[in-house]
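Each remark here refers to the structure printed beneath this line.
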Number of protein chains: 2
Amino acid sequence: MATLKDIGTELGLSVATVSRALNGFPEVNARTRDRVQQAAERMGYRPNRIAQRLVTGRSGMVGMIVKIRPDMSSEMTFFEILTGLTAALAARDTDLVLAVDQADDPVVPYQRMLERGILDGFILNAPVPDDPRVAWLQARGIPFVMHGQSDAQVDYPFYGIDNRAVMADSVGLLAALGHRRIAFLNGEVRLAFAADRRAGFRAAMAAEGLAVPEAFIASDQPGESYGYARALAMLSGRLGPRPTAVICASTVIAAGVMQAARDLALAVPRDLSVMAHDDALPQLRAINFSPTLTVTRAPMREACVPLANHLIDHIDGVAAARLQTLIRAEVIVRNSTGPVPEGGHDPWH
Amino acid sequence: MATLKDIGTELGLSVATVSRALNGFPEVNARTRDRVQQAAERMGYRPNRIAQRLVTGRSGMVGMIVKIRPDMSSEMTFFEILTGLTAALAARDTDLVLAVDQADDPVVPYQRMLERGILDGFILNAPVPDDPRVAWLQARGIPFVMHGQSDAQVDYPFYGIDNRAVMADSVGLLAALGHRRIAFLNGEVRLAFAADRRAGFRAAMAAEGLAVPEAFIASDQPGESYGYARALAMLSGRLGPRPTAVICASTVIAAGVMQAARDLALAVPRDLSVMAHDDALPQLRAINFSPTLTVTRAPMREACVPLANHLIDHIDGVAAARLQTLIRAEVIVRNSTGPVPEGGHDPWH
DNA sequence: TGCGCAATTCAAATCGTTTTGAGAAATTGC
DNA sequence: GCAATTTCTCAAAACGATTTGAATTGCGCA
């Protein structure tokens with residue numbers, strides 16, 4: 001591996017000049033810069049990140065700690081994030097160091113990674129309300145970006161979708177079609193995004209003047225059979241008058257709901273409208289549902305680009321307040337939603 | 001963060017002595033060593049990996065590049081590997097840098113990661129026959145360990161299970177129960193492990209004097225519905241006399257086969273024996289099948305400990321020949337296998 | 001008392017980069 | 001033509017560890 005010194009001796013220049021030439025400092029002669037750049041190219045020079053880090057205090061590496069949650073949905077999502085994130089970080093010359101959290105205390109793995117002294121910052125995901133990781137990292141001045149934050153009243157960088165708006169859009173769409181009994185199959189409310197959606201759902205329903213019995217708001221790990229089982233219970237009539245529309249927190253859940261509808265001989269959208277929030281996971285595309293699925297859509301992979309940029313910008317010193325992005329999911333109306341069926345006009349109460 | 005110099009000035013010692021004291025060199029006075037160690041403890045000293053790397057040429061970081069393969073089975077497996085691997089690496093004070101391969105050329109992502117100059121070696125998985133990554137890394141003298149190699153005639157470190165033995169054990173068990181028509185639902189034969197299993201299956205069947213029509217050896221990405229669809233075809237009788245036993249490359253596939261048997265009203269193990277190779281994925285446990293599943297078992301997570309150790313030992317200079325581990329999977333007989341049913345004694349030919 | 005040897009410790013070089021402060025060369029102003 | 005400025009380049013110091021070779025100390029022994 002060629003070093004700055006190699007280029008320097010080759011060209012009869014000092015390492016200082018070579019360094020400045022390559023880093024685009026203005027005080028170096030244009031002809032010298034050309035010579036240096038050509039030599040660097042020719043000799044296959046790559047700056048040694050280790051040496052750079054030692055002097056700049058930056059390593060060009062960020063950490064992410066994933067928590068094992070044994071459900072398919074979170075694994076698919078994680079893969080999607082990983083793909084988008086490593087690509088987006090690579091575009092800014094940054095590497096991703098990964099660890100799996102197997103500890104009880106949520107901050108322990110962060111502490112362990114930090115002790116190595118090789119990280120510039122962290123990417124956090126799946127926030128919980130009053131996330132203890134946030135306080136811990138902020139107390140130590142460690143830069144981080146939060147993925148999935150949807151409450152803007154914080155003082156750290158984040159990227160997330162407006163989950164209340166997601167629910168307002170979904171409920172609004174269904175209410176406009178005449179639906180009054182709308183059920184909601186949520187994710188785990190322990191997680192902030194699901195808590196926000198639940199609040200958003202209730203607020204949107206209330207705004208339409210509609211009440212929802214607790215039995216028709218489900219919350220759990222969005223596993224393989226969760227959607228199917230909960231939809232079956234809700235649609236069977238056992239819990240009360242069955243909903244005419246169901247909103248799902250993910251397309252995985254929607255797949256289960258569709259299956260339940262088929263098993264109960266309910267036609268979608270004639271007897272039941274179904275919609276979901278779509279992270280655009282390539283394994284389960286809303287367009288491949290039958291009927292095609294009406295969704296609120298916010299591609300997970302694309303979200304990784306601003307996520308990576310926010311973190312690196314923050315490390316570079318940009319203020320947190322300028323690195324807070326809350327996007328609004330797109331509403332895509334397809335064929336799984338339709339007008340409220342005959343005789344379904346009555347609200348629950 | 002406390003440095004060697006901090007400890008030195010605190011104790012009135014030179015950094016050299018502090019360094020030697022902490023690294024267990026014999027020429028430092030026992031009392032001095034104690035003082036240094038206590039001071040280090042008290043001041044929360046952690047060696048700066050970056051500085052260590054610069055002078056030793058070692059970074060304590062290894063890379064892994066995962067290839068996106070959109071099937072559930074490989075994602076579950078990847079999670080399992082990730083969990084075991086980061087824990088095993090951490091035990092040897094090593095971090096894992098991860099990237100996702102989205103390029104066509106299999107060596108390009110390795111080259112890109114290497115250019116950063118921060119890695120001590122690589123963990124490769126999912127080898128293909130004559131893997132181009134091997135030649136590329138060997139030509140450059142980059143240490144690596146291969147996960148899943150099952151042919152011992154190579155000159156690099158690896159850890160894998162003996163896939164031919166897996167098939168010999170499986171076929172042997174079923175043949176001993178009187179089965180003559182044994183089908184095999186394999187993984188993708190593009191991958192070395194599946195090619196080895198196919199060869200092992202054929203050899204084991206030939207050793208029992210049994211022929212198998214090609215229609216009863218399936219190979220594909222072990223997706224969600226693959227096992228179900230292939231088993232349905234084989235067991236329907238459309239392709240010829242139906243098998244009395246099925247061997248599956250994974251428990252995911254076996255789940256599909258069980259479902260197909262149920263749909264065709266075939267009782268397991270009375271009408272059909274089913275066995276699988278079990279990577280011990282926590283999401284799909286062989287013991288939770290009904291009936292409980294007979295398997296060849298080799299826990300994926302445990303495999304990561306020798307995998308990590310092989311790589312780090314190799315980086316430390318241990319010869320590749322001493323770092324080749326081929327383990328034999330354990331055979332666990334449960335309730336999904338039984339004697340060949342009445343009238344199922346005839347071989348295919 | 002003085003010499004040699006072992007046991008400890010230390011100063012300095014090293015890794016490859018960035019950055020500071022200063023110096024040399026070229027250009028300008030009077 | 002000489003001083004003042006601008007333009008360019010360089011040597012050296014840093015970052016925090018390891019490692020080499022030398023220096024110091026204490027000890028036993030003649």
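A quick note: this is a predicted structure, and the numbers were derived from the prediction, not measured. In what follows, chains are A, B, ... by sequence order, proteins preceding strands, each numbered from 1.
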Given protein heavy atoms under 4.0 Å, the one-letter contact record of nucleotides 15-28 of chain D, with B base, S sugar-phosphate only and - none, is simply BBBBBBB-------
Specify the separation, in whole Å, of atom CG of L22(A) and atom P of dG16(C).
-> 16 Å
Atom of T86(B), atom of A99(A) and distance for their closest heavy-atom approach | CG2-CA, 4.0 Å
For Q138(A), the side-chain hydrogen bond (donor to acceptor under 3.5 Å, both in side chains) test, sequence neighbours excluded, returns D155(A)
Could you check whether G8(B) gets within reach of a base, just the sugar-phosphate, or nothing at all, counting any heavy atom under 4.0 Å?
-> nothing
Assess whether side chain to side chain contact (heavy atoms under 4.5 Å, CB included) is satisfied between L4(B) and S19(B), documenting all intermediate values.
-> CA-CA 7 Å; L4(B) 284 188; S19(B) 172; 3.7 Å; yes
Show the atom names and distances, to 0.1 Å, of all donor-acceptor pairs under 3.5 Å that link a side chain in residues 105-113 of chain B to residues at least two apart or in another chain.
from: D105(B); atom 1: OD1; to: V107(B); atom 2: N; distance (Å): 3.0
from: Y110(B); atom 1: OH; to: R133(B); atom 2: NH1; distance (Å): 3.1

Measure the acute angle between the ring planes of H147(A) and Y159(A), then classify it against the limits of 30° and 60° as parallel, tilted or perpendicular.
-> tilted
Applied to residues 77-92 of chain A, the salt bridge (Lys or Arg N to Asp or Glu O under 4.0 Å) test, sequence neighbours excluded, yields E80(A)-R301(A), R92(A)-D313(A), R92(A)-D316(A)
F79(B) and F78(A) aromatic ring geometry - parallel, tilted or perpendicular at 30°/60° bounds = perpendicular
For DNA chain D, which residues in residues 29-37 of chain B have a heavy atom at a distance below 4.0 Å?
-> none
Please list, chain by chain and in numerical order, all residues satisfying salt bridge (charged side-chain N to carboxylate O under 4.0 Å, His left out) with D93(B), sequence neighbours excluded.
-> R116(A), R49(B)
